[in-house]
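Single-structure report; data block below.
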Amino acid sequence: MGRKMTDREFIQRFDDALEKGYIYANYQAQINHSTGRMLGAEALMRWEDPELGKQSPADFIPVLEKNGLIYRADLYMFDEVCRFHDRCRKEGIQLIPISVNMSRFDIYNNNYIDSIEEIRKKYDIPVKYLRIEVTESSAIGGMELVSSVLSRLHSLGYIVEMDDFGSGYSSLNILKDLMVDIIKLDMIFIRGDIGGRGGTILSSIIQMAKWLDTPIIAEGVETIELADHLKSIGCNYIQGYLYSKPIGADDFIEYIKTIKHEPINVSISILNSLDSGRFWDPESMETLIFSNFAGPAAIFVYDKSDSSAEILRVNKKYIQEIGAGRTEKEFFENSPWDNHDEESRRDYENTILRAIESGDEESCETWRSICTDICGEEKICVKSNIRLIGRGGDKYLFYSMVRNITREKERLNDLVESDMRFRQAFEQANVYAWEVDVATREMKPCFRCMRDLHLPPLVKNYPEPAIEAEIFPPETADMYRDMMNKLIAGAGSMEAIIPLTVGRVPFHVRYTTEFDENGKPLKLYGSATLVVDSESSE
């Protein structure tokens, strides 16, 4: 380490340290402990004097703050990080998000955001690769100012992290009032007490952050035991000596080359990730969207411990779509499972569990029996798209969009039955039949096609395989392709006499088109009937 400099020496040597690079950035990786992939890094200020050696940040940062120099040091660090990104880009190395500290003195300086934007634009670094860290202590005594600074940073596209969460005295109040995108949890208060009161508090904080849909990075993780414990209670993102100590730019570039990367899932838009906490505020934008602009939707809670479910909120469109005469009051008085039979409930619960596992939107189609005094009993088919928006213990909060697809299902069933009768009739006659899916160009042949023409049960990229097999001889190939193109373009039906197979036997080929509800071709139904002329019939 060398000798610790005095306060006076720090001040006297500060300008020279900035000019000659004695103040510089070290980088510490942030890792997803579940995948082993890098999420980003934090840039940490370091000072190494050529005469007196390395100086501790705990010694020089308070001196810089006390003497009004930290603002220049922080801007220098931001410039360092932008230069690091620029170097990576020029060397063809993948850019990763890097967090830069913003002190409370930066917040009080009206030019801070303008200054970092000027630096960022000078190097042309995309804002998604720069995160701003603010400590909870920065907000003490100046909540309105800090909130306005964070709002402006958000408007410019920056991700904002709350650093050292849990180390201050008003963490919950700060978290309530400041809109931060990521929480960095200080592990100092938990050391040596994983299974005691500290562990209980830690688990509660992580669950609370999940309800707020805010990712947590645990700082200061040094042991595999602590990392595994954090993962077991829902915190996978860690930073600490377990994976990497803070290292210089050259070493960090080599580290980046050896590890895979993944993004942190940060919710910064209510259109992509709904803010579950604000759903209960009648004046919030979430409520406005939910009630007036979203499609048929509901909020419900699922308890994994006993597989129970409870609807918490529905909008008017939801009642109109699948209410079948029920009132809003009836939705809340009854369990969502009351309308499901055993198979339907199993399918819906499996979808819920998939959504919990994937963290993404999952969908299912289930039949439900609705019984009301007005309409009696009615069976409807509902397509549900559900997304997890919060969690507390074994209880999971979901946002569900629904659509009544009963008529579509009934129409499809009619088509299936009609198709079956159609196929059975064709199998009885001397006719070949098949169907073509317009979107995929996949052809499904009848049994006789497979038996006589040696076609597989599914022919892809139809009709090319049939042309290659000379079921359609070369001289008729272009004519048949033209017929297919016209059908796919929207022709309702077509027919032609085409000599088929290597024997050039004439067949009467007919096509009819099935359209969807928007008038677009959905399927083509084809048949080929042997042409019997008068001579052969005699």
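In what follows, residues are counted from 1 in the order of the sequence shown.
- Side-chain atoms of Thr35 and Glu262 include a donor-acceptor pair closer than 3.5 Å.
- For Lys520, there are no salt bridge (Lys or Arg N to Asp or Glu O under 4.0 Å) partners, not counting sequence neighbours.
- Closest non-hydrogen pair, Ile311 versus Tyr318, comes out as CD1-OH, 4.3 Å.
- With sequence neighbours left out, Tyr27 forms a ring pair (Phe, Tyr, Trp, His ring centres under 6.0 Å) with Phe84, Phe252.
- Under the side-chain hydrogen bond (donor to acceptor under 3.5 Å, both in side chains) criterion, Lys128 pairs with no residue at all, not counting sequence neighbours.
- Around the CD atom of Glu91, the shell of radius 6.0 Å holds more than 12 heavy atoms that belong to other residues, nucleotides or ligands.
- Checked against side-chain hydrogen bond (donor to acceptor under 3.5 Å, both in side chains), Thr258 has no partners two or more places apart in sequence or in another chain.
- The salt bridge (Lys or Arg N to Asp or Glu O under 4.0 Å) search around Asp437 returns none, not counting sequence neighbours.
- Donor-acceptor pairing under 3.5 Å is lacking for the side chains of Gln28 and Glu42.
- Taking the salt bridge (Lys or Arg N to Asp or Glu O under 4.0 Å) definition, one finds that Arg37 meets it with nothing, sequence neighbours left out.
- Partners of Phe300 according to the ring pair (Phe, Tyr, Trp, His ring centres under 6.0 Å) rule, which considers only residues two or more places apart in sequence or in another chain, are Phe398.
- Within the structure, salt bridge (Lys or Arg N to Asp or Glu O under 4.0 Å) contacts touching residues 73-85 (residues at least two apart or in different chains) are Asp79-Arg83, Asp79-Lys122, Glu80-Arg83.
- For the side-chain hydrogen bond (donor to acceptor under 3.5 Å, both in side chains) test, residues two or more places apart in sequence or in another chain that qualify with Glu9 are Arg3, Thr6.
- Listed by chain and number, the residues in a side-chain hydrogen bond (donor to acceptor under 3.5 Å, both in side chains) with Arg481 are Glu464, Asp478 (sequence neighbours excluded).
- The salt bridge (Lys or Arg N to Asp or Glu O under 4.0 Å) contacts involving residues 233-259 comprise Arg87-Asp250, Glu254-Lys257, where partners must be two or more places apart or lie in separate chains.
- Under the rule for a salt bridge (Lys or Arg N to Asp or Glu O under 4.0 Å), Asp303 has no partner lying at least two apart in sequence or in another chain.
- With 3.5 Å as the limit, one finds a donor-acceptor pair spanning the side chains of Glu117 and Tyr158.
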